Undergrad: 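What follows is a single structure, and I will ask about it in a moment.
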Amino acid sequence: MHAYRSHTCVELSEANVGEEVRLSGWINRKRDHGQLVFVDLRDHYGLTQCVIDSSDACFEMVESARLESVVTVTGEVLKRSDETINTSLPTGHIEVRIEKFSVQSAADTLPLQVNSDENSGEETRLRYRFLDLRRTRPHDNIMLRAQIIQSIRGRMVALGFTEFQTPILTASSPEGARDFLVPARLHPGKFYALPQAPQQFKQLIMVSGFDRYFQIAPCFRDEDSRADRSPGEFYQLDLEMSFVEQQDVFDAVEPVIRGVFEEFSDKSIDSEFVHIPYAESMLKYGNDKPDLRVPFEITDVTEIFRDSGFSIFAKNVEKGAVVRAVPGPKCGSRAIADRMNSWAQSEGAPGMGYIIYGDGEARGPVAKAVGAEKAEEIRVAAGVGDGDAVFFACAPANEAASLAGRARVKIGEDQGLIDQDSFKFAWVVDFPMFELDEVTGKIDFSHNPFSMPQGGMEALENMDPLEIKAWQYDLVCNGIELSSGAIRNHLPEVMYKAFEIAGYENSVVDEKFPAMINAFRFGAPPHGGIAPGIDRIVMLIANEPNIREVILFPMNGKAEDLMMAAPSAVDDVALADLYIRRVPVIKSKSD
RNA sequence: GGGGGUGUAGCUCAGUUGGUUAGAGCGCUGGCCUGUCACGCCAGAGGCCGCGGGUUCGAGUCCCGUCACUCCCGCCA
């Protein structure tokens, strides 16, 4: 017989009754009846109940073995009597009589409870991740992730995409997020950077003539974490296609995403992903990642408040502010309105005006100030009725949109109006090519500098830069940005011109993007692509509120790996090899 | 960098208006229990109430500071 096991802990059934078997695994739980002990033995595959009574030689060993110790059990498979069958276990019709018992590895008192569905504190979970991962839900999440990635690979290959690996040590790029830098031993004073995404490589793969590329690609960005953003590193389904327009990319990606979501989740999915222009999304949803599960939209009511009796808004509108109205279904009470107002203050806004509609009339300070006629206009514009409320965000357009957007989601959540059993996908399209930097007042790329402007060279030469749209798109699901992509700019002259508008001379392009600009001089196919975030896809399908739940060994919010104790100090000898010297950290008061 | 939340036994948590000896479940140690499957019963050990200062006759509880974890804003082409 094998030294450790003849079967796994899920395999045995009535068919094996009478066989001598050997199982190895962890002690999940024990039930000690004094003269009779039950041991639930757990491995990756399942649970098998093992049993021993005091007449047996190894009884005391079994009785004293601690939970989570790794043990090997040898014995006969017994059929359970009808009254003792456990129908909630696949192996519940049998049990194994412990005839030989050995402890392969004893466990200390546990820092977290493995056989519990309750999460321990985050720090404990991360420090003892190998214990946390034994628990059912984390274990299942990681298996789900592996299966999703496997399914994605299969789907991509079936569509004629080929998986390539791209470099991990590459050049720092001036745009975008903060880079992780790696000192170059052979080049004192110089650094590699970890790729924020294989962006330039995948475009160069197209220029190299490979037509359809994909990769489950690690991406590295030194930016702060969020619940849906792991610090440091994450994975994208990176893909790129030659000779395509925007709709071709959608047609390729949509079935893959829908297929994966349908394969691994029971939630409903619309048959077609809606297309929402960026400007419309900002207006109706207050952001570029709309949660379409919230069953109401924001309306612009600026003109109703212009010259109205509500002087605070009227004055702000005169100065260029806008007013956005957020419907509040069943929010027609003073208590809810007050709660929204203090919520808005906690979000950094001065507050949130409101009108309450009830018994055929409009109530509240705003309603009084603007009069019944305008209050009715607002009610119709917002599409609400008796018992509802309307909340107002009055500020410069970006700020008002943002506050209204957050209020919309909050109302949806608070009022229980979000369908928890659906995935609502949307393509957000027509992103602006450029935007105004609010601090410097300069024009800059609003998204990806490698995107093709809609209208090409002609648009760059003749239009107001802020009016130019790009062939740039996001895929959004339930208010989470799943992916971002674009039709790329493959024309050197158009690229120079675009960078020129953003304030960069040709020489900057030549210096910072030598590969791209060189490549585009030797016959570059028109191409485009997208890069859905793997971690976020798994997080949505697993129905987890935090991205750490779908990552094997995640870092904490401060980008530390508590289990491995990374980052860590290194000695001066290692630094000297790299021509690096430590300097004291100087903390100024302004820090 | 800024704001919010949390921090009490190995783990998950309770702890009233500031008032005697800080509790429960799980786990751990010991005892009882031969059909449990979150087994049951009895007993015990285990506490710098995150840390430091302050107010007070008296602080787990109030105040200030600080640290840790977390969520959000900034940031994330």
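Only heavy atoms go into these numbers, but all of them, side chains included; no hydrogens, no water, no symmetry mates. Letters A, B, ... are given to chains in the order of the sequence lines, protein chains preceding strands, and every chain is numbered from 1. Please read these numbers as outputs of a predicted model, since none were measured by experiment.
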Undergrad: Could you tell me the separation between the CG atom of A:Asn556 and the P atom of B:C67, rounded to a whole number of Å?
TA: 16 Å
Undergrad: Do any N or O atoms from the side chain of A:Ser69 and from the backbone of A:Ala107 form a donor-acceptor pair under 3.5 angstrom?
TA: yes
Undergrad: For the base of B:C39 and the side-chain ring of A:His33, does the geometry meet a stacking cutoff of under 5.5 Å between centres and under 30° between planes?
TA: yes
Undergrad: Could you please name the partner base of B:G65, counting Watson-Crick and G-U wobble pairs only when both distances are under 3.5 Å?
TA: B:C51
Undergrad: Could you write nucleotides 5-13 of chain B as a row of B, S and -, 5' to 3', where a protein heavy atom under 4.0 Å of any base atom gives B, of only sugar-phosphate atoms gives S, and otherwise -?
TA: -----BBS-
Undergrad: Which nucleotide, if any, forms a Watson-Crick or G-U wobble pair with B:A9, using both distances under 3.5 Å?
TA: none
Undergrad: Would you measure the distance from the P atom in B:U61 across to the matching atom in B:U56 and give it in whole Å?
TA: 16 Å
Undergrad: Does A:Asn546 put a side-chain nitrogen or oxygen below 4.0 Å from OP1 or OP2 of B:C71?
TA: yes
Undergrad: Is A:Tyr235 atom OH crowded by more than 12 heavy atoms from other residues, nucleotides or ligands, each under 6.0 Å away?
TA: no
Undergrad: Identify whether any heavy atom of A:Gln196 sits under 4.0 Å from a base atom; if not, whether one sits that close to sugar-phosphate; answer base, sugar-phosphate or nothing.
TA: nothing
Undergrad: Can you tell which of B:C28, B:C37, B:U70 lies closest to the side chain of A:Gln49?
TA: B:C37
Undergrad: One pair to check against side-chain contact (heavy atoms from CB on, under 4.5 Å): A:Val39 and A:Val37. What are the steps and the verdict?
TA: CA-CA 7 Å; A:Val39 173; A:Val37 176; 4.2 Å; yes
Undergrad: Provide the distance between the two C1' atoms, one in B:A9 and one in B:G2, to the nearest whole Å.
TA: 36 Å
Undergrad: What nucleic acid atoms does A:Glu481 come within less than 4.0 Å of, heavy atoms only: base, sugar-phosphate, or nothing?
TA: nothing
Undergrad: What is the base-pairing partner of B:U21, counting Watson-Crick and G-U wobble geometry with both distances under 3.5 Å?
TA: none
Undergrad: Got a second to check how far A:Ser116's OG is from A:Arg137's CZ, nearest 0.5 Å?
TA: 12.5 Å
Undergrad: I need the single residue from A:Asn119, A:Asp117, A:Asn115 that forms a side chain to side chain donor-acceptor pair (under 3.5 Å) with A:Arg135. Which is it?
TA: A:Asn119
Undergrad: Given atom CG of A:Leu36 and atom P of B:C37, what is their separation to the nearest angstrom?
TA: 12 Å
Undergrad: Between A:Met555 and A:Gly34, which is nearer to the 5' end of RNA chain B once each is assigned its nearest nucleotide?
TA: A:Gly34
Undergrad: Do A:Arg229 side-chain and B:C76 base share a donor-acceptor contact under 3.5 Å?
TA: yes
Undergrad: Rounding to the closest angstrom, what is the interatomic distance between B:C13 and B:G18 at atom C1'?
TA: 23 Å
Undergrad: In the structure shown, which nucleotide is the Watson-Crick or G-U wobble counterpart of B:A59, with both distances under 3.5 Å?
TA: none
Undergrad: Give the rounded distance in Å between these two atoms: CG of A:Leu41 and C1' of B:C37.
TA: 14 Å
Undergrad: Tell me: CD1 of A:Ile547 to C1' of B:C76, nearest whole Å?
TA: 13 Å
Undergrad: With distance as the sole criterion, do the side chain of A:Glu95 and the base of B:G35 form a donor-acceptor contact below 3.5 Å?
TA: yes
Undergrad: Taking atom P in both B:A22 and B:G31, compute the distance separating them and give it to the nearest angstrom.
TA: 29 Å
Undergrad: In terms of side-chain geometry, is the basic nitrogen of A:Arg29 or A:Glu68 positioned less than 4.0 Å from the acidic oxygen of its partner?
TA: no
Undergrad: For A:Arg406 and B:C73, what is the distance between atoms CZ and C1' respectively, to the nearest whole Å?
TA: 8 Å
Undergrad: Which nucleotide, in any strand shown, forms a Watson-Crick or G-U wobble pair with B:C33, with both distances under 3.5 Å?
TA: none
Undergrad: Could you check which of B:G35, B:C75, B:C28 has an atom nearest any side-chain atom of A:Arg66?
TA: B:C28
Undergrad: List the steps and the verdict of ring-ring contact (aromatic ring centres under 6.0 Å, His included) for A:Phe130 and A:Phe553.
TA: CA-CA 9 Å; A:Phe130 45 87; A:Phe553 299 112; 8.6 Å; no
Undergrad: Taking only the side-chain nitrogens and oxygens of A:Arg226, find out if one of them lies under 4.0 Å from OP1 or OP2 of B:C73.
TA: yes
Undergrad: Considering only the P atoms, how many Å lie between B:U8 and B:C62, rounded to the nearest integer?
TA: 15 Å
Undergrad: When the P atoms of B:G44 and B:A24 are compared, how many Å lie between them, rounded to an integer?
TA: 11 Å
Undergrad: For B:C39, does OP1 or OP2 lie under 4.0 Å from any side-chain N or O of A:Arg31?
TA: yes
Undergrad: Starting at CG of A:Asp224 and ending at P of B:G3, how long is that distance when rounded to a whole Å?
TA: 15 Å
Undergrad: For A:Gly557 and A:Ser54, find the nucleotide of RNA chain B closest to each by heavy atoms; which residue's nucleotide sits nearer the 5' end?
TA: A:Ser54
Undergrad: Could you tell me the Watson-Crick or G-U partner of B:G44, where both distances fall under 3.5 Å? Say none if there is no partner.
TA: B:C28
Undergrad: More than 12 non-hydrogen atoms from neighbouring residues, nucleotides or ligands closer than 6.0 Å to NZ on A:Lys469, yes or no?
TA: no
Undergrad: Considering only atom P, compute the distance from B:G58 to B:U21 and round it to an integer number of Å.
TA: 15 Å
Undergrad: Between atom NZ in A:Lys30 and atom C1' in B:G40, what is the gap in whole Å?
TA: 16 Å
Undergrad: Hey, what do you get for OG (A:Ser281) to CD1 (A:Ile276), rounding to the nearest 0.5 Å?
TA: 5.5 Å
Undergrad: Using Watson-Crick or G-U wobble geometry with both distances under 3.5 Å, which nucleotide pairs with B:C76?
TA: none
Undergrad: What is the distance, rounded to the nearest whole Å, between atom CG of A:Asp40 and atom P of B:G35?
TA: 17 Å
Undergrad: Quick one: is B:C71 close enough that its OP1 or OP2 comes under 4.0 Å of any side-chain N or O from A:Arg548?
TA: yes
Undergrad: Applying side-chain hydrogen bond (donor to acceptor under 3.5 Å, both in side chains) as the test, list every pair that has at least one member in residues 57-67 of chain A; sequence neighbours left out.
TA: none
Undergrad: Work out how far the C1' atom of B:C73 is from that of B:U17, and round it to whole angstrom.
TA: 37 Å
Undergrad: Quick check for you: among B:C71, B:C69, B:C28, whose closest atom lies nearest to any side-chain atom of A:Ala227?
TA: B:C71
Undergrad: To the nearest 0.5 Å, what is the distance between CD on A:Gln203 and CZ on A:Phe201?
TA: 12.0 Å
Undergrad: Applying a 4.0 Å non-hydrogen cut-off, can you work out what A:Phe445 is touching in the nucleic acid: base, sugar-phosphate, or nothing?
TA: sugar-phosphate
Undergrad: Determine: side-chain N/O of A:Arg29 to OP1/OP2 of B:C26, distance under 4.0 Å, yes or no.
TA: no
